[in-house]
There are 2 protein chains.
Amino acid sequence: MMAESPRRGVPEATVGRLPGYLRALTGLADRGRSSVSSDELAELTGVRGAQVRKDLSSLGSHGVRGVGYDVTRLSDQIAAELGLLEERPVVIVGIGNLGRALASYSGLATRGFRVAALLDVDPEVVGTEVDGLVVRPLGDLGALAELLSPVAVGVIATPGAAAQDVADLLVEHGVRSILTFAPVVLRLPDAVHVRAVDLASELQILAFHEHQRELAGAGEDVG
Amino acid sequence: MMAESPRRGVPEATVGRLPGYLRALTGLADRGRSSVSSDELAELTGVRGAQVRKDLSSLGSHGVRGVGYDVTRLSDQIAAELGLLEERPVVIVGIGNLGRALASYSGLATRGFRVAALLDVDPEVVGTEVDGLVVRPLGDLGALAELLSPVAVGVIATPGAAAQDVADLLVEHGVRSILTFAPVVLRLPDAVHVRAVDLASELQILAFHEHQRELAGAGEDVG
DNA sequence: TAGTGTGAACTCTTTCACAGCT
DNA sequence: AGCTGTGAAAGAGTTCACACTA
């Protein structure tokens, strides 16, 4: 028989859940579990069982009927899918409190990444050491090419005003995936993947729901 | 005629974009602009024009045909929808680098929030001052009730191992909306709204796309 | 004329429900 | 007996395209 192609195109919504599955599987493996059912994995990650099965089947996964999924095998398969079999370098630009938080976050190392470089423009910050790494001037980016292979992911933790320039610079040096915390919309070539986390937006979304509840409460029967 | 109900139920996907619109509108207002078209707003926020119009119409908004939307009016309307007409208090638990980054983020104040309290368990950290606020012991939460009105939003910036306990404590004290940065799934009553931002997951999602590109590149014509 | 508001088509995602395997 | 894998149904979200109007 011919090798079946595991899948073509994992749906984006599924990709978004893979890290959660991987995290749960790592936890299970640490506790010595060797197999897990879709319902249990669902429980651990806060989704539905059917969802887990659909997601995993889109990876071409093979669970065992009547038993479940092999924890190690599935974990490896997801890690492979995410491209984490090899440690991926991360460059963090902007070493304020946020940049420092990211730089010293041990979860990066345990989940497939290596902080390869810390960059900043502030001469007060450049040269200081964070979690064993010396902060370099932004201009050094070009000199770091060999540290950034396989292609690094860029993290922007600068003030909003600097974010676009930093993003352009990263892209110039070959970065194609950027995680930004700056509250601005980055204009970049379509080929660059950007994920934006905006703290204030997250809070505003929560505020919306809070507000809706307040309205609902006010409108309800009194007494 | 009777007052038309502006809407019933704004779609969740729309809610997720409102903060972006609000940010763009604030920028336009600062630059003295008084009206804006859906296409321009779309351009500024990185979505499509039709999307903007659908979103705004679900708020019961009224743009002017041939002209566009009134910047101030629309901005106020979105702020109202998000419940930001009154400053909403935020409690931050876990004053490590990340908690400090959040505490000193000026974007909170400019976007409808007030950092009402900083809490931590570490005696080394309790009593220190961050951005003009003294860090209090976690146990003080009960004593802060008056600071936390209207109902506060809780932010969890603790290590994963502490997150569930902190979340339970927040909920006990009336918090119904939580933003967590801890890489764990929180088990809370359904009535509590939780948004989880997991840095490593974000990077893994980017890594997935990076990896796909590498596969595609390797499979392509060479030369 | 420029630009909104919106039904209708389309696409993506989730959920259901059950056949089929171990 | 238990649990996966998956078509089919249902539900969300997005995009199209155009009538309408200031």
Side-chain angles (χ1 to χ4, degrees), chain A residues 1 4-21 24-25 28 33-71 73-75 77-78 81 190 205 208-209, chain B residues 4-21 24-25 28 33-71 73-75 77-78 190 205 208-209:
Chain A
M1 99 252 331
E4 59 204 282
S5 70
R7 51 58 250 291
R8 198 81 319 251
V10 180
E12 195 56 34
T14 296
V15 174
R17 282 184 295 267
L18 294 181
Y21 297 146
L25 289 165
L28 288 167
R33 288 285 303 280
S34 67
S35 93
V36 65
S37 71
S38 58
D39 280 339
E40 187 178 4
L41 198 45
E43 168 69 19
L44 289 169
T45 51
V47 306
R48 306 301 201 83
Q51 183 89 267
V52 171
R53 295 197 295 280
K54 258 264 147 72
D55 284 343
L56 297 184
S57 83
S58 95
L59 302 186
S61 147
H62 266 263
V64 181
R65 292 174 199 237
V67 178
Y69 300 86
D70 182 272
V71 170
R73 180 154 150 23
L74 183 53
S75 179
Q77 195 175 358
I78 294 177
E81 196 68 35
D190 289 350
I205 292 166
F208 170 87
H209 294 293
Chain B
E4 60 202 281
S5 71
R7 50 60 250 294
R8 196 82 320 251
V10 181
E12 194 54 36
T14 295
V15 174
R17 283 184 294 266
L18 294 181
Y21 298 145
L25 288 164
L28 287 167
R33 290 285 303 279
S34 67
S35 92
V36 64
S37 72
S38 57
D39 281 340
E40 187 178 5
L41 197 46
E43 167 70 18
L44 290 170
T45 50
V47 306
R48 306 298 201 86
Q51 183 89 266
V52 171
R53 294 199 294 279
K54 259 258 150 70
D55 284 342
L56 298 185
S57 84
S58 95
L59 302 186
S61 147
H62 265 262
V64 181
R65 293 175 198 237
V67 178
Y69 301 86
D70 181 272
V71 169
R73 179 154 150 26
L74 183 54
S75 181
Q77 196 173 358
I78 294 176
D190 289 350
I205 293 166
F208 170 87
H209 294 294

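Throughout, a chain's letter reflects where its sequence line sits, starting with A, and its residues are numbered from 1. Keep in mind that what you see is a predicted model, and the values were worked out from it rather than measured.
One can place CG of Asp55(B) at 10 Å from C1' of dT14(D), the figure rounded to the nearest angstrom. Whole-Å rounding puts the Leu56(B) CG to dT6(C) P distance at 12 Å. As a whole-Å value, the separation of Glu12(B) CD from dT13(C) C1' is 15 Å. In this structure, His62(B) atom NE2 and dC20(D) atom C1' are separated by 13 Å, rounded to whole Å. Between the P atom of dG3(C) and the CG atom of Asp70(B) lies a distance of 15 Å, rounded to the nearest Å.
Between Glu40(B) and Tyr69(B) the shortest side-chain heavy-atom distance does not fall below 4.5 Å. Under the 4.5 Å side-chain criterion, counting only non-hydrogen atoms from C-beta, Thr45(A) is not in contact with Arg17(A). A heavy-atom distance below 4.5 Å is found between the side chains of Ile205(A) and Glu12(B). Contact annotation: the side chain of Tyr21(A) never approaches that of Leu74(A) to less than 4.5 Å [non-hydrogen atoms, C-beta and beyond]. Residues Leu25(B) and Leu41(B) are in side-chain contact: their nearest non-hydrogen atoms beyond the backbone lie under 4.5 Å apart. Using a 4.5 Å heavy-atom threshold, the side chains of Leu18(A) and Leu59(A) count as touching.
Under 4.0 angstrom from either OP1 or OP2 of dG5(C) there lies at least one side-chain N or O belonging to Tyr69(B).
Side-chain atoms of Arg65(B) come within donor-acceptor range of the base of dT4(C), with a qualifying N/O pair under 3.5 Å.
Of the two residues near DNA chain C, Val64(A) and Pro11(A), the one whose nearest nucleotide lies more 5' is Pro11(A).
Near DNA chain D, meaning a heavy atom under 4.0 Å away, the residues from residues 38-54 of chain A are Ser38(A), Arg53(A), Lys54(A).
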